[in-house]
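Since the model is a prediction, treat every value here as computed from it, not as a measurement. Convention: sequence-line order gives letters A, B, ...; per-chain numbering from 1.
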Amino acid sequence: MHRDELRRRAAEHRLHLEGFAHHLLVCSSLGCAHNDALITALRRSVAERGMESRVLIRKTGCMGLCALGPLVAVQPEGWLYQHVRPEDADVVVASLGQQPSEQLLVPPDLPFFARQHKNVLALSGRIDPESLDDYLAAGGYAGLFAALDMRPAEVIRRIQESGLRGRGGAGYPTGLKWATVAKARGARKYIICNADEGDPGAFMDRSILESTPHAVLEGMIIAAYAVGACQGYIYVRAEYPLAVHRLKLAIRQAERHNLLGHAICGLNLDLAIQIRLGAGAFVCGEETALIESVEGRRGIPRPRPPYPAEKGLWGYPTLINNVETYANVGPIIDRGSRWFAALGTEASKGTKVFALTGKIVHTGLIEVPMGTTLREIVFDIGGGIPDGHGFKAVQTGGPSGGCIPAEHLDAPVSYESLSELGSIMGSGGMIVMDDTSSMIDIVKYFIEFCMDESCGKCIPCRVGTAQIHRLLTAFQERTATEADLAQLEMLCDLVKNTSLCGLGQSAPNPVLSTLRYFRQEYLDRISESRQPEDRP
Amino acid sequence: MTMLRLATLWLDGCSGCHMSLLDTDERLLDLAAMYEFVHSPLVDSKHFPEAADVVLIEGAVSSHEDVARLRLARHHSRLLIAVGDCAVTGNVPALRNATGAAAMLRTVYLDQPALNPQIPATDLPVLLELALPLHHFVTVDLFIPGCPPGAETLLTALTGLAAGTVPGPPLSTRFGA
Amino acid sequence: MPTSAPPHPSGENRPWRSVDQAMQRHDYRPDALIETLHAAQDAFGYLDGETLAYIAAKLRLPPAKVFGVATFYNHFSHKPKGEHTLVVCTGTACHVKGTDRVLAWVRDRYGLLPGETTADNRLSLVEVRCVGACALAPVILTDGDVIGKRGVEETTAVIEEWLHHAP
Amino acid sequence: MSEPILTLVVDGLQVSGLASETILKVARENDIAIPTLCWLEGLSSLGACRLCMVEIEGSPKLHPACVTPIQEGMVVATRSERLHRYRKAIVELLFSERNHICAVCVANGHCELQDLAVQLGVDHIRFPGRSPQLAVDASHARFVLDHNRCVLCMRCVRVCGEIEGAHTWDVKNRGIRSLIVADFETPWGLSETCTGCGKCVQVCPTGALFEKGRPVAETHKKRPFLPYLMANRAREHR
């Protein structure tokens, strides 16, 4: 289909949607699972009242406030109902056009929503993720349509001007990456979407894929056009079956409507996208390991250089970006680089999606402008610490990140500030710990994770993480000595500076950050009895 | 030159390192000019002396008794030297570490064809689960690897010590030498 | 040699079709390996030696390479599962909210460590690294059903209840 | 177009090399010794053991010399207190990983791990041994694989795949649980792909792979056969 046809189709669908006086949007993401019964009950209640022509019930993606799920949004009233059970269906339907149900209503002025700025998540929870028409009617693919009027170099320039940086963790400038791949010489080029969200405690990518799969495809098509790739892969975790299902559906829809395949939108642009299932290896988030895995091998990282941008998949230039990065592309092209660059801080532009979990009242998925402080995120948006406990630390960046203590709560969230604090932005997991949490326990958890996930290729990571794990066990069991503390620091330095890939290089970060902010917890666990009188 | 007080200790080892010391042959006389042997399986003394200048320790730490003797030696010696691979790495006694002490006893006393297979109830030291090198328990001042380290190596180290130049240049020995 | 005729599937009743389809979809190229292993595990529940040999022969890959890939990735299981599967998420949020205690409870109650199946083949315990439902922590899956937002005690009660009523 | 020749400084010495050459190659040509373990002439380079890491002026990171191509004007230091410290610790980590008991090893005195310890002044291992319980595969008529002495350098895997073309060896599991396996973890003697050529035994740096019938300390390995074999193979195919 050509763009005009698709635009017409979008307008028709918009009219169809506007024909309903009320929309009941039911979150159908993993976080609000088990809602088939709820949808059936709502349908029955609507039918009993003979309101089928006036009320449209739609499944949507994630609305963010998973803590209060299952969630139902009522439009155009703008109400959000929480903890909705099938037996509440009549109450929900009866309230349409009347007063909202006080017992189900989420207070509309909740800072959880007021403080957020939704860009990537703008359509999440508002459209049916399984409907291309919904996405088109909401303005989806406008970025692609606009990009196709530009030359590839112009598209890349827009991305460069926006200041977008990779959302997968390292924060490499996206436009620069695209420019490198565009410039690289190769008989063919590939693009890959890294959807192997391996950080435990993070679900941004899952949520985006489950809520707006077409937004990811749109970003990939624009990227393929910009760099000159004709084959794309989405490397997605097998642990996300719903995301995989919706992605497959979206790819089929896009193919059928000529947004993928040969002569996209009737133009001289070909792109095929295939899904590759990850199989449970954190190291495959590292781009060279990911490439090995797409090629059907053990996910073992290769030394860089050469970078994938020059020599990637099967030796050809390859662009790898993560889910959230691609999801940012459409809006940037559609609304302009300046609009995007106006958000965030000097060096970290735009917004960032975070998965807010752990000991916090409002667990869920949030999106805030870069530069928002940790305090705003934890206490305003997150609603603070439950059960009367105090805040102890927030862990960002997963196993590669660090624990940030209360005295740095006013730090703004940006690539630079988090790294100054000894943590990293990472992909966006934020785990809040209260005053009952032991830092040694959480650090040992992360090191155990890295030890299990180490591919085993390089010695410092393979054996070093195992030795660090042994030392942390001694601290946990209170049998450690002062010499153990020194050895722990020595090993962290070694593994950080000599490991081959990012997994090993960042594995000591949780230890190092807690040694920096919570050293006393280590000292408290040094055993008296293990310090024998030694020399005369 | 004042005589240095030299002690040697034999933990879980084969006595090969002590044999190496004896292998210095007639140069033992030179050593005797520098050192007074205050305690050793080679000399007749029951208790570790109050103050030794140097203690050479052969063998891994395999039993509770070993730990006690090692700590005592450390406490009463100025310089503690791990001599030989057992003292330095655990070596052959540490072969049992993969399966543990109990499994080793079973292998040695029960699994071998013997007349009356049984694990002796007396006269066996209480074993540690793991046989470990000395530095896991005490501070070690010098490591002399080798299985055993050669007589020349020991002679160089002891002569150097007496002259006050140890640790000095690396000794010509290695693991397994 | 592995490149000769593939080993004959044990009886015609073994559903190799979905496995063959996965390989076909990728033109029997070497990069089909992981996708094929997924298909085989979906079909048979786990990957045994016969399955690996079949795939290696069909894709003309060295046996060691197939074995290396199949054992590198956590998702692939090499033992059959029991009648019921309990998955315990050990993601960070779930860990902080106590799934380590849920695992300890399962160990004490059923004598199971992650990756094991009870002797009566009734229950398999699987540990996964984050299912991405962190806002529901602590999360378990009882035969695929997501259970979350409950305390440790309540979660163990749910497991007990589920096994009691499960067929 | 002929390949450009670049000049650089290694340990203060002005040297030159082809643009495609690595720091390690150029250093060796100039008799500058950089410790290596996984690298072996004639096999692909992995950059895995991290012993050949060097410092490059202007870069805060360390770079594995075996896979880092030279650049014009590069200033490389192959020795420093920091490099020495790291190399030493890496060798100690290897000793702690499995059961390396030199005194009872067939390769005693002819072992690259032992040599590295001497070269780097490793006189004890600071880390406790992990003492894993690992098998010895003696099912082959002529050879033995002893996992206790394996350092996972992948030389056997590479020589078997890249030179012999059999790909009998690969790795099972990952991380600290990694193990070299033949075929489907088949006992070596029953492997259907092994040609029995023995190249893996010859390239193994330790006593992990050895010929039967040689007592302790009498396993000598013929290592330099690879470059000869490669060169000769190229000639014969012409």
Side-chain angles (χ1 to χ4, degrees), chain A residues 30-31 33-34 65-67 69 197-207 237-241 243 274 276-282 284 293-300 314 355-359 362-365 395 398-399 429 431-434 437 441-442 445-446 449 452-453 455-456, chain C residues 22 25-26 29-39 41-42 47 55 59 61 64-77 87 89-100 114 126-139 141 144-149 151:
Chain A
L30 180 63
H34 299 300
L65 194 46
C66 310
E197 185 167 54
D199 280 21
F203 56 94
M204 300 74 52
D205 295 349
R206 174 185 64 73
S207 204
R237 301 182 73 199
E239 288 89 340
Y240 288 173
Q274 284 186 22
R276 285 296 160 97
L277 287 185
F282 176 65
C284 289
S293 189
V294 172
E295 291 179 4
R297 289 200 280 265
R298 291 164 61 84
I300 308 273
W314 291 296
L356 201 54
T357 62
K359 304 288 182 69
H362 295 145
T363 55
L365 196 71
Q395 208 280 342
I431 295 122
V432 178
M433 279 163 282
D434 68 10
S437 317
D441 177 67
I442 195 79
Y445 166 83
F446 280 126
F449 180 88
D452 287 346
E453 297 294 337
C455 78
Chain C
R25 231 184 358 258
H26 294 93
R29 286 192 316 264
D31 60 293
L33 178 55
I34 295 175
E35 293 291 313
T36 309
L37 293 173
H38 273 296
Q41 177 151 309
D42 288 347
L47 303 172
I55 293 171
L59 292 178
L61 287 173
K65 183 175 171 171
V66 173
F67 190 78
V69 169
T71 57
F72 181 87
Y73 296 96
N74 269 6
H75 187 74
F76 298 128
S77 160
V87 174
C89 179
T90 58
T92 320
C94 289
H95 176 81
V96 169
K97 294 262 183 101
T99 47
D100 53 337
V126 176
E127 177 187 62
V128 293
R129 289 294 193 197
C130 198
V131 293
C134 319
L136 307 185
V139 171
L141 288 89
D145 289 334
V146 179
I147 314 260
K149 277 200 262 195

Of the backbone (N, CA, C, O) and the side chain (C-beta and beyond), which part of [X] lies under 4.5 Å from a heavy atom of chain C, both, or neither?
| X | result |
| --- | --- |
| A:D205 | neither |
| A:I431 | side chain |
| A:C284 | side chain |
| A:S293 | both |
| A:R206 | side chain |
| A:A355 | neither |

Looking at [X] and [Y], would you say the former's side chain and the latter's main chain have a donor-acceptor pair under 3.5 Å?
| X | Y | result |
| --- | --- | --- |
| C:H38 | A:G278 | yes |
| C:K149 | A:G69 | yes |
| A:E197 | A:M204 | yes |

Under 4.5 Å from a heavy atom of chain A, the part of C:V128 involved: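 No part of C:V128 comes within 4.5 Å of chain A.
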
Side chain / backbone / both / neither for C:A133 at chain A, heavy atoms under 4.5 Å: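 Both parts, backbone and side chain.
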
Residues that C:E127 engages under salt bridge (Lys or Arg N to Asp or Glu O under 4.0 Å), provided they are two or more places apart: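 Result, salt bridge (Lys or Arg N to Asp or Glu O under 4.0 Å) vs C:E127: none returned.
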
Largest heavy-atom contact set with chain A, pairs under 4.5 Å, which of C:G68, C:C94, C:P30: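 Of C:G68, C:C94, C:P30, C:G68 has the most heavy-atom pairs under 4.5 Å with chain A.
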
Residues that C:A70 engages under side-chain contact (heavy atoms from CB on, under 4.5 Å), provided they are two or more places apart: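 So C:A70 forms a side-chain contact (heavy atoms from CB on, under 4.5 Å) with C:L37, C:L47, C:L52, C:H78.
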
Pairwise side-chain contact, C:F72 with A:C455, heavy-atom cut-off 4.5 Å (strictly under):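 Sidechains of A:C455 and C:F72: in contact.
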
